[in-house]
Amino acid sequence: MNGGMKRFIASGAALGAGLILLKAYQGKKRNIWVYEDSDMRNSYEIDHEESVNAPYDEAEEGLTQLDSIYRSEWQANAFPQTKKQLEDLES
């Protein structure tokens, strides 16, 4: 074999290896797995189902589960529940 034929075979092998690597990279690129959004604030159901505490707490009557969660956070953080309480804090 002469030098030209060796270069031809080497370049063909390099091209083939490059194509194999490219295919492998593209295959991995398509297989990205992402967690499903599990944030309760993006849930349609939780914003339309009645609060589970409604039968036991008068303040929870008429609230959805999401509203109940917000209410619990506000109480835990001492957020004013009424306009009068808010005005008292501002003055």
Side-chain angles (χ1 to χ4, degrees):
M1 288 215 272
N2 61 13
M5 182 64 110
K6 288 182 182 178
R7 271 189 255 153
F8 180 73
I9 292 173
S11 56
L15 179 64
L19 288 174
I20 290 171
L21 287 174
L22 181 64
K23 280 288 193 187
Y25 175 75
Q26 287 178 343
K28 287 183 180 180
K29 189 176 176 183
R30 282 186 242 131
N31 294 332
I32 295 175
W33 186 78
V34 180
Y35 283 103
E36 181 180 338
D37 186 12
S38 60
D39 187 7
M40 67 181 173
R41 290 169 179 86
N42 293 334
S43 172
Y44 177 83
E45 291 83 21
I46 201 167
D47 197 24
H48 288 84
E49 292 178 7
E50 185 180 15
S51 169
V52 293
N53 297 326
Y56 313 108
D57 186 0
E58 287 181 10
E60 296 272 330
E61 290 178 10
L63 296 181
T64 66
Q65 288 182 5
L66 184 60
D67 295 336
S68 174
I69 292 166
Y70 285 141
R71 181 177 179 271
S72 297
E73 288 178 4
W74 293 339
Q75 286 180 329
N77 294 321
F79 191 80
Q81 298 292 307
T82 63
K83 185 175 179 181
K84 183 176 180 345
Q85 289 175 341
L86 185 61
E87 291 171 351
D88 289 344
L89 285 175
E90 290 176 350
S91 59

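Just so we're clear, the structure is a prediction, and the values are computed from it rather than from any experiment.
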*Taking all non-hydrogen atoms of both residues, which atom of Asn53 and which atom of Ser68 are closest, and how far apart?*
ND2-OG, 4.2 Å
*Considering residues at least two apart in sequence or located in another chain, which fulfil the side chain to side chain donor-acceptor pair (under 3.5 Å) criterion with Gln85?*
none
*Quick one: list whatever passes side chain to side chain donor-acceptor pair (under 3.5 Å) with Asp67, sequence neighbours left out.*
Thr64
*asked:* Suppose we screen for salt bridge (Lys or Arg N to Asp or Glu O under 4.0 Å). Which residues come up paired with Lys83, at least two apart in sequence or across chains?
replied: none
_Test of understanding: clusters of I, L, V, M, F, W, Y form through side-chain heavy atoms closer than 4.5 Å, transitively. Do Tyr70 and Leu86 belong to the same one?_
no
*Could you tell me which residues satisfy side-chain contact (heavy atoms from CB on, under 4.5 Å) with Glu45, sequence neighbours excluded, listed by chain and number?*
Ser43, Glu49
_Selection residues 68-82 - residue pairs positive for salt bridge (charged side-chain N to carboxylate O under 4.0 Å, His left out), sequence neighbours left out_ = Arg41-Glu73, Asp57-Arg71, Glu60-Arg71
*asked:* If the condition is ring-ring contact (aromatic ring centres under 6.0 Å, His included), which residues does Tyr56 pass it with, not counting sequence neighbours?
replied: none
_Separation of Leu63 CG from Ile69 CD1 (nearest 0.5 Å)_ = 11.0 Å
